[in-house]
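Throughout, numbering of the chain's residues begins at 1 and tracks the sequence. Scope of the values below: all heavy atoms of this structure, side chains included, with no hydrogens, waters or symmetry mates. Counting starts at 1 for both ligands and their atoms, in listed order.
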Amino acid sequence: MRTIRLGDDPEARDRAAALLRDGQLVAIPTETVYGLAADARNADAVAGIYHAKGRPSFNPLIVHVATLDQAARIGRLDGQALTLARHVWPGALTLVLPLRPDAGIAGLVTAGLDSVAIRVPAHRAARAILTAFDGPLAAPSANASGRISPTSADHVLDPDGGLSGRIAAVLDAGPCAVGVESTIIGWQDDGAPLLLRAGGIPAEAIEALLSTSLTRPATAQSHAPTAPGQMTSHYAPRASLRMNVDRPKPGETYLAFGTPGPFSLSQTGDLIQAAARLFDTLRRADGQNRPIAVAPIPDHGLGAAINDRLRRAAAPRP
Ligand code: TXA
Ligand code: MG
């Protein structure tokens, strides 16, 4: 299969929607990372996602829809979830909701769970494709399983660890503005909100909206064996990586923060800029074939998501 690179115009978006209706896989831009989209109602198409990514099949996928109303027809959206949806959607927030029995979502999307992860993306092209497609799209990040998430169409097509030749098309709308995946929020049986994955919307912003604190990933993990975003070594570059390094050793590629350098995440110490550059910089650093050292990143706001990804990248490889 030759993967087509589509432009970012109405005709290309209609073409993408037509391919998706036909059960094909299309990588689409979102504000967080590029997603590998398939019709969430078509189990064969969804199986194609797992296949193209080489993804362990127990990983449930995020369902993307154009509107809050569409989301509410797939998952039960009330209480705190509805508050968050109203304030943050469209945006980099995924809500894990009770799955409606009549939602029509392929069981493979939720890996057989009775909950479903849903988000309404903010990216203009993603929204245009969802509107043209007029249905739910399952879309994990458009990278081979265990590799770095793509924040550009070039990443999606990267001969090393990309999906070129494995998917029908990628719609190229330039680099992603946010650069890390969405924040995932779920709820415990007793109704307490859980931070299942730190991401593009700072946890602090969510806590402010809910006027309550979130149970954090370290504690959430034991409640969420079904959140494989929590898998160690999920965002693995080839090179070894160590964190919180003030002074790199000779021979290490240094990802600076708050200081200049060829691999600086943000010269000015801006966490939003660092998040947007993270995966691209990791890729470039990995291309040096030398150990990677990363400067300390403050652990608040988007820094929490950055450190989460870095910890996984630093984790021992399977
Ligand atoms: O920003 C994003 O969220 C990107 C873009 C493409 O939208 N998508 C993304 O999807 O990161 P993915 O499939 O790579 O991440 C899905 C995460 C996994 O950690 C998965 O375990 C969790 O969502 N998840 C999905 N359904 C779940 C469920 N029912 N319960 C708990 N976690 C769930
Ligand atoms: Mg991913």
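Paired with Ile292 under the rule side-chain contact (heavy atoms from CB on, under 4.5 Å), one option of Leu310, Thr281, Val245, Leu255 passes, and it is Leu255. When each of Thr151, Asp154, Asp158 is paired with Arg283, the side chain to side chain donor-acceptor pair (under 3.5 Å) condition holds for Asp158 and for no other.
Arg86 CZ: 12 or fewer foreign heavy atoms inside a 6.0 Å radius. Few gaps surround CD1 on Ile4; more than 12 heavy atoms of other groups in view lie less than 6.0 Å from it. Taking a 6.0 Å sphere around CG of Asp190, one finds it holds more than 12 heavy atoms contributed by other residues, nucleotides or ligands.
Summarising the contacts of atom 3 (O) of ligand 1 with Gly199, Ser182, Ala92, Pro60, the nearest heavy atom is found in Ser182. Remark: among candidates Ala126, Pro140, Gly35, Gly200, the nearest residue to atom 12 (P) of ligand 1 is Pro140, based on non-hydrogen atoms.
Of all atoms in ligand 1, listed by their number and element, those nearer than 4.0 Å to a heavy atom of Ala139 are 6 (C), 8 (N), 10 (O). Taking a cut-off of under 4.0 Å to the non-hydrogen atoms of Ile184, the atoms of ligand 1 that pass are 17 (C), 22 (C), 23 (O). Of all atoms in ligand 1, listed by their number and element, those nearer than 4.0 Å to a heavy atom of Ser141 are 9 (C), 10 (O), 14 (O). Taking a cut-off of under 4.0 Å to the non-hydrogen atoms of Ser115, the atoms of ligand 1 that pass are 28 (C), 29 (N), 30 (N). Close approach of ligand 1 to Leu113 is summarised as follows: ligand atoms under 4.0 Å from at least one heavy atom of the residue are 28 (C), 29 (N). Heavy-atom contacts of His64 reach the following atoms of ligand 1: 5 (C), 6 (C), 7 (O) (cutoff under 4.0 Å). Short contacts between ligand 1 and Arg119, defined as distances under 4.0 Å to a heavy atom of the residue, involve ligand atoms 1 (O), 2 (C), 3 (O), 5 (C), 7 (O). Taking every non-hydrogen atom of Ile62 and a distance limit under 4.0 Å, the qualifying atoms of ligand 1 come out as 3 (O), 8 (N), 9 (C), 10 (O), 15 (O), 16 (C), 23 (O).
Salt bridge annotation for Arg147-Asp160: present, with a cationic side-chain nitrogen under 4.0 angstrom from a carboxylate oxygen.
Between Arg197 and ligand 1, an N or O atom pair is found at a separation short of 3.5 Å.
Between the side chains of Glu207 and Thr212, no donor N or O sits under 3.5 Å from an acceptor N or O. For the residue pair Thr268/Asp270, the side-chain donor-acceptor check at 3.5 Å is not satisfied.
Not one N/O/S atom of Ser145, from backbone or side chain, sits under 2.8 Å from the Mg ion (ligand 2).
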